[in-house]
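Some notes on the structure that comes next.
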Amino acid sequence: MATTELRDFFAKARNGSVRLIKVIIEDEQLVLGAHKELSRRWDNDYDAFVLPLLDEQQPCYVLYRLDSQNAQGYEWLFISWSPDSSPVKTEISVESKHQTLQGLAFPLQLDAQQAIQALKQKKINYIQLKLDLERETIDLVHTSPTEIADLPKRIPQDSARYHFFLYKHSHEGDYLESVVFIYSMPGYKCSIKERMLYSSCKSRLLDTVEQEFCLEIAKKIEIDDGAELTAEFLYEEVHPKQHAFKQAFAKPKGPVGKRGQKRLIKGPGENGEDS
């Protein structure tokens, strides 16, 4: 639940003069913690405004106004800061806060759009995309032919990327070609700005690919290390194991007397394992 002061400030921020709003949690309410007015370009303001407001002990939400606009007005970046050392976590009202913001949508460059069409037509089997943080675009890196064994070395160790991979495999006797989306983020080797922008652009990119390009994505995966991308890992992600719950049957009572000696060899399935 947001306080009246915070709701009023959100209304004021719509005029475009506010660069940043920090929201904290007090007594299970969302409270205005701090705010900053516009100073320079959004990327120049970012480090000077955002980083000093992040407290290692206190979780918060940060709403950061970009310079790009859509039909509803300025676009905002939503940041949920929840440090591991904090006694309070920021799960409260995350979804309701998401709904107050417009998603961040960097446009796909033409060659990236053409690559997605080619993947849909199965003319290529791999796409790597990156964000251009200065121009605020999504750019094509390459579409090199890629097998499963090649995937780990496609993942940069020092920067984030988006990947689309045409996963060719067999499942229960059927040959399948499934598109897998991989979001690779090598943890704290990337700046906070890069991590936040990649995270914020991901959902709008996937909406565009699935709705406008009508490309069906079988599985969306997030990794921090290319070594995770083994054949076994991909298969289990696309086809999760169905955990069978076996019905428990009462064991028949053994005969009485001398013949009622305890069996040492269990029948199939009695110890919870398949024969």
Spacing of [atom1] belonging to [X] relative to [atom2] belonging to [Y], to within rounding of 0.5 Å:
X      : Y      : atom1 : atom2 : result
Leu234 : Ser178 : CG    : OG    : 10.0 Å
Leu197 : Glu194 : CG    : CD    : 8.5 Å
Glu237 : Glu232 : CD    : CD    : 11.0 Å
Glu228 : Leu151 : CD    : CG    : 12.0 Å
Arg65  : Glu37  : CZ    : CD    : 10.5 Å
Ile182 : Ile127 : CD1   : CD1   : 12.0 Å

Measure across [X] and [Y] and return the closest heavy-atom pair with its distance rounded to 0.1 Å.
X      : Y      : result
Tyr183 : Ser199 : OH-N, 3.5 Å
Trp76  : Val18  : CH2-O, 3.8 Å
Lys22  : Leu53  : NZ-O, 2.8 Å
Asp45  : Tyr64  : CB-OH, 3.1 Å
Arg19  : Arg41  : NH2-C, 3.5 Å
Phe106 : Asp132 : CE2-O, 4.3 Å

Min side-chain heavy-atom separation [X]-[Y] under 4.5 Å:
X      : Y      : result
Leu166 : Leu119 : yes
Ile148 : Thr230 : no
Leu63  : Phe10  : yes
Val62  : Leu54  : yes
Leu32  : Val23  : no
Cys201 : Leu131 : yes
Ile138 : Leu205 : yes
Ile155 : His163 : yes

Is it the case that one hydrophobic cluster holds both [X] and [Y], taking links as side-chain heavy atoms less than 4.5 Å apart, direct or via other members?
X      : Y      : value
Leu51  : Ile79  : yes
Tyr162 : Ile116 : yes
Val238 : Ile223 : yes
Ile21  : Leu38  : no
Val50  : Tyr198 : yes

Can you check whether [Y]'s main-chain N or O pairs, donor with acceptor, with [X]'s side chain at less than 3.5 Å?
X      : Y      : answer
Asp139 : Lys130 : no
Lys241 : Glu236 : no
Tyr74  : Gln69  : no
Ser170 : Gly173 : no
Asp27  : Gln29  : no
Asn15  : Lys12  : yes

Is the number of heavy atoms from other residues, nucleotides or ligands under 6.0 Å of [X] [atom1] greater than 12?
X      : atom1 : answer
Arg40  : CZ    : yes
Asp111 : CG    : yes
Glu147 : CD    : no
Gln121 : CD    : yes

Worked check of ring pair (Phe, Tyr, Trp, His ring centres under 6.0 Å) between Tyr126 and Phe164: CA-CA 6 Å; Tyr126 174 80; Phe164 293 90; 9.4 Å; no
Tyr235 and His171: side chain donor to acceptor below 3.5 Å: yes
Glu75 versus Ser68, side-chain donor and acceptor atoms under 3.5 Å: yes
Check against side chain to side chain contact (heavy atoms under 4.5 Å, CB included), Leu77 and Tyr46: CA-CA 11 Å; Leu77 179 64; Tyr46 190 93; 4.0 Å; yes
Side chain to side chain contact (heavy atoms under 4.5 Å, CB included) between Leu206 and Lys202, worked out: CA-CA 6 Å; Leu206 290 171; Lys202 175 168 61 75; 4.0 Å; yes
Derivation and outcome, side chain to side chain contact (heavy atoms under 4.5 Å, CB included), residues Thr208 and Leu108: CA-CA 9 Å; Thr208 299; Leu108 274 167; 4.2 Å; yes
Intermediate values then yes/no, ring pair (Phe, Tyr, Trp, His ring centres under 6.0 Å), His169 and Tyr167: CA-CA 6 Å; His169 63 289; Tyr167 175 40; 3.9 Å; yes
Geometric cation-pi criterion, Lys220 with Phe181: 6.0 Å, 45°: no
Derivation and outcome, side chain to side chain contact (heavy atoms under 4.5 Å, CB included), residues Leu215 and Val179: CA-CA 8 Å; Leu215 180 64; Val179 175; 4.0 Å; yes
Qualifying side chain to side chain donor-acceptor pair (under 3.5 Å) pairs with a residue from residues 148-161, counting only residues at least two apart or across chains: Gln128-Arg161, Thr146-Arg154, Ser159-Arg161
